[in-house]
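What follows is a single structure, written as structure tokens, with notes after it.
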Amino acid sequence: MPAITVPDLMILPRLPQPTETMRERPVRTVVSAPKQREGAGFEVRRPFPSVDLRTADPFILLDQMGPVAYEPHEAKGAPWHPHRGFETVTYVMDGAMVHHDSNGGGGVIGEGDTQWMTAGSGILHDELPTEQLVMTGGWFHGIQLWVNLPRALKFAAPRYQDLRGSELTLVSSHDGGALVRLIAGSVGGFDGPGSTYTPIAYAHASISPGGQLETPWPQHFTAMAYILSGSGTAGAERRPVQEGQLAVFGPGDAITVSADARQHNRSGDLEVLLLGGQPIQEPVVQYGPFVMNTRAEIIQAMDDYQAGRMGNIPAEHLAGRRLGE
């Protein structure tokens, strides 16, 4: 980890340094992500929704899967299940997963790749470790982010985006001390390849030991920094943060994340997700894999799923599987 990098950061275009007229976003809170079991029994860290951070509008959920070194036959995934009313974004840094859905999308999500699935009106899918990872074991590290859809787009047609790691927009910090991989949205005038319904910014940064990432951030967006591994500080006030913690920033025009001088992780850098977006500011009612605006819409989603109106598992994937396992 991470899979997508360059031998020399100096060859990359650079993010602009925040100007003196820009207001540094203060850190409003730091949330430690609790651990829990998901899918067929794999462990995740989930900073939101949680007791300490119930809402992160326009996002619904963030799960960190790993980093973990699986023994043979230990890796697990999430068998076939439904979704409606939002988008799932799966980003893999170590190992690989296989995705299938009832709309015909799917493929292997390898190191550095991102799978972006718009559930919209309803879809069935599964996400499983590759056969090789199950049989031989190995490292796995990935992130799943749920991006909410506004009321007007809850029933958008399902779609699938397969973003290869080589397609991500790579830039460096203004001083060359950090590599930033833009997955979606715009940061500092650079755009990621992901196509989004809800305006967001989403990036993975590797900050060199003792280095600092300063970047402009859209003023009308929320702003958060989730520590994937390593340790450092967030904000000009240098709030300490470490693996599994989420820094939530207040209002302003720019954000800062700094790496401690020594990093005790596999990559040797501070690994951090930067994410934020335009708040939707609509009621959210979630029941498991359905995210809607009202309880009545949740009941309708359950009825539609049970009646098969969210699609069917392709015949080639039916053998040996039970829906909802």
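If you're wondering where the values come from, they're calculated on a predicted model, not measured in any experiment. When a residue number appears, it is its place in the shown sequence, counting from 1.
- Within the 3.5 Å criterion, the main-chain N or O of Ser121 finds a donor-acceptor partner in the side chain of Arg84.
- The minimum heavy-atom distance linking Leu163 with Gly194 is given by the pair CD1-CA, 3.8 Å.
- To the nearest 0.5 Å, the span separating CG on Leu213 from OG on Ser206 amounts to 10.5 Å.
- Side-chain contact between Trp217 and Pro18: absent, with no pair of heavy atoms (C-beta onward) separated by less than 4.5 Å.
- Side chains of Ser102 and Asn312: no donor on one and acceptor on the other come within 3.5 Å.
- Looking at every heavy atom in both residues, Ala259 comes nearest to Pro209 through CB-CA, 4.3 Å.
- Judged by the 6.0 Å and 45° rule, Arg159 forms a cation-pi pair with Tyr197.
- Between the side chain of Ser208 and the backbone N or O of Gly177 there is at least one donor-acceptor pair closer than 3.5 Å.
- Heavy-atom neighbours of Glu237 CD from other residues, nucleotides or ligands within 6.0 Å: above the threshold of 12.
- Under the 4.5 Å side-chain heavy-atom criterion for ILVMFWY residues, a single connected hydrophobic cluster contains both Met292 and Met302.
- Formation of a donor-acceptor pair under 3.5 Å by the Ser267 side chain with backbone atoms of Asp269 is found in this model.
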Show your reasoning for whether side chain to side chain donor-acceptor pair (under 3.5 Å) applies to Ser195 and Gln161.
CA-CA 8 Å; Ser195 174; Gln161 298 178 67; 4.6 Å; no
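- Contact check for Lys154 versus Glu297: no side-chain heavy atoms found under the 4.5 Å cut-off.
- Taking 4.5 Å as the limit, every side-chain heavy atom of Val187 sits out of range of all side-chain heavy atoms of Leu274.
- Within the 4.5 Å cutoff, side-chain heavy atoms of Pro82 are placed close to those of Leu124.
- Here the side chain of Asn293 pairs a donor or acceptor atom with the backbone of Pro283 at under 3.5 angstrom.
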From CA spacing to verdict: side chain to side chain contact (heavy atoms under 4.5 Å, CB included), Gln300, Arg309:
CA-CA 11 Å; Gln300 184 63 56; Arg309 288 189 286 269; 4.1 Å; yes
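- Ring orientation note: the planes of His204 and Tyr91 are nearly perpendicular, at an angle over 60° on the 30°/60° scale.
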Would you check, one step at a time, whether the test side chain to side chain contact (heavy atoms under 4.5 Å, CB included) holds for Phe48 with Thr55?
CA-CA 7 Å; Phe48 61 83; Thr55 180; over 6 Å; no
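- Using modelled atom types, no side-chain atom of His174 and backbone atom of Leu15 make a donor-acceptor pair closer than 3.5 Å.
- Atom CZ of Arg151 has more than 12 neighbouring heavy atoms from other residues, nucleotides or ligands inside a 6.0 Å radius.
- Counting non-hydrogen atoms of neighbouring residues, nucleotides and ligands closer than 6.0 angstrom, the CZ atom of Arg238 reaches no more than 12 such neighbours.
- Leu62 is listed as a side-chain neighbour of Ile143, based on a closest heavy-atom distance under 4.5 Å.
- Considering only heavy atoms from C-beta on, Met97 stays 4.5 Å or farther from Gln115 through its side chain.
- The backbone N or O of Gly165 lies less than 3.5 Å from a partner atom in the side chain of Asp113, making a donor-acceptor pair.
- Contact detail for Ser229 and Leu270: the closest heavy-atom pair is O-CD1, 3.5 Å.
- In this structure, Pro158 and Ala119 approach most closely via the heavy-atom pair CG-O, 3.5 Å.
- Classification of Arg45 and Glu243 as a salt-bridged pair holds, one side-chain N sitting under 4.0 Å from a carboxylate O.
- Glu43 places no side-chain N or O within 3.5 Å of a backbone atom of Arg37 that could act as its donor or acceptor partner.
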Does the pair Asp253 and Arg23 meet the rule for a side chain to side chain contact (heavy atoms under 4.5 Å, CB included), with working shown?
CA-CA 5 Å; Asp253 307 292; Arg23 182 165 50 129; 3.6 Å; yes
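- The distance from atom CG of Leu168 to atom CZ of Arg181, rounded to the nearest 0.5 Å, is 8.5 Å.
- Other residues, nucleotides and ligands contribute only 12 or fewer heavy atoms inside 6.0 Å of the CD atom of Gln132.
- Ile255 contributes atom CD1, which lies 12.0 Å from atom CE of Met22 (distance to the nearest 0.5 angstrom).
- Counting all heavy atoms, side chain and backbone alike, Asn148 lies closest to Phe86 at CA-CB, 4.1 Å.
- Between Arg46 and Glu38 a salt bridge is recorded (basic side-chain N to carboxylate O distance below 4.0 Å).
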Test Ile200 against Gln278 for side chain to side chain contact (heavy atoms under 4.5 Å, CB included), laying out the working first.
CA-CA 6 Å; Ile200 69 167; Gln278 177 69 52; over 6 Å; no
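- At distances below 3.5 Å, not a single donor-acceptor pair connects side-chain atoms of His264 with backbone N or O atoms of Arg262.
- With a 4.5 Å cut-off on side-chain heavy atoms, Val68 and Glu74 do not count as touching.
- With hydrogens and angles disregarded, a donor-acceptor distance shorter than 3.5 Å links the side chain of Asp57 to the backbone of Ile280.
- Under the 4.5 Å side-chain criterion, counting only non-hydrogen atoms from C-beta, Ser172 is not in contact with Ile11.
- Here CG of Leu12 is found 6.0 Å from CG of Leu170. Values are rounded to the nearest 0.5 Å.
- No donor-acceptor contact under 3.5 angstrom links the side chains of Gln212 and Thr256, judged on distance only.
- For His125 and His100, the gap between ring centers reaches or exceeds 6.0 Å.
- Looking only at distances, a side-chain donor or acceptor of Gln286 sits under 3.5 Å from a matching main-chain atom of Gly288.
- Other residues, nucleotides and ligands contribute over 12 non-hydrogen atoms within 6.0 Å of the CZ atom of Phe155.
- Interatomic distance, CE of Met135 versus CG of Leu133, reported as 11.5 Å (0.5 Å rounding).
- Scanning both residues, Ile183 and Trp116, for their nearest heavy atoms gives CG2-CZ3, 4.4 Å.
- Under the 4.5 Å side-chain heavy-atom criterion for Ile, Leu, Val, Met, Phe, Trp and Tyr, Val147 and Met224 are members of the same hydrophobic cluster.
- Taken from OG1 in Thr90 to CE in Met65, the straight-line distance is 5.5 Å, to the nearest 0.5 Å.
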